[in-house]
Amino acid sequence: MGVDPNCIFCKIVAGQIPSFRLFEDVASLAFMDINPANEGHCLVIAKPHHPTLYDMPPDLLAAVSATVLKVAKAVEAALKPDGLNLVQSNGKGAAQSVPHFHVHVLPRRLGDNLKINWEPKPGDRAAIAAVAERIKAKL
Ligand code: DGP
């Protein structure tokens with residue numbers, strides 16, 4: 001299993017630093033976020049070290065996703081939030097602070113004013129179509 005000895009999440013996986021563990025299996029680990037944006041904010045990480053989504057083997061991503069679903073349902077049942085966001089950040093521009101693949105399971109409350117929502121406004125159709133072509137060319 002890939003390990004980065006300088007990675008804080010690899011140290012959590014190894015039990016070298018403490019965390020409030022929720023669940024683990026061979027591929028994934030869920031634990032509470034140390035800086036919760038809301039009550040119940042937790043993280044699901046891949047156990048092997050992969051810095052971003054782009055580095056993730058698809059089968060590992062699937063296994064982590066299964067744990068995300070399990071934990072999200074438990075958060076929903078335990079806390080009855082008004083909603084729940086999954087947040088997964090890659091790179092500095094996305095404000096990723098720990099370069100080890102993880103998914104935030106973030107319960108939401110009406111009026112919590114967390115700054116992850118954007119105001120929906122109609123896009124330019126031609127610009128949307130043009131960028132769709134650029135992405136499709138790489139699929
Ligand atoms: P991101 O910015 O998307 O890379 O999220 C990283 C999250 O990891 C951030 O919400 C805080 C959390 N975090 C950072 N260090 C630790 C730690 O040592 N323990 C725990 N439980 N969470 C941590």
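For reference, positions follow the sequence shown, starting with 1. Read the numbers this way: they start at 1 and go in the same order the structure lists the ligands and their atoms.
Within the 6.0 Å centre-distance limit, the rings of Phe31 and Phe9 are counted as a close aromatic pair.
Relative ring orientation between His49 and His100 is described as perpendicular, the plane-to-plane angle rising above 60° on a 0-90° scale split at 30° and 60°.
Screening residues 13-23 for side-chain hydrogen bond (donor to acceptor under 3.5 Å, both in side chains), with sequence neighbours left out, gives Arg21-Glu24.
Protein residues having at least one heavy atom under 4.0 Å from any atom of ligand 1 are Ile8, Phe9, Ile12, Phe31, Met32, Asp33, Ile34, Asn35, Leu43, Ser89, Ala95, Gln96, Ser97, Val98, His102, His104, listed by chain and number.
Considering all non-hydrogen atoms of both residues, Pro48 and Leu60 come closest at CG-CD2, 3.8 Å.
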Chi angles and distances behind the side chain to side chain contact (heavy atoms under 4.5 Å, CB included) call for Asp55, Thr52
CA-CA 6 Å; Asp55 311 303; Thr52 68; 2.9 Å; yes
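A salt bridge is absent between Glu76 and Lys73: the closest approach of a Lys/Arg side-chain nitrogen to an acidic carboxylate oxygen does not fall below 4.0 angstrom.
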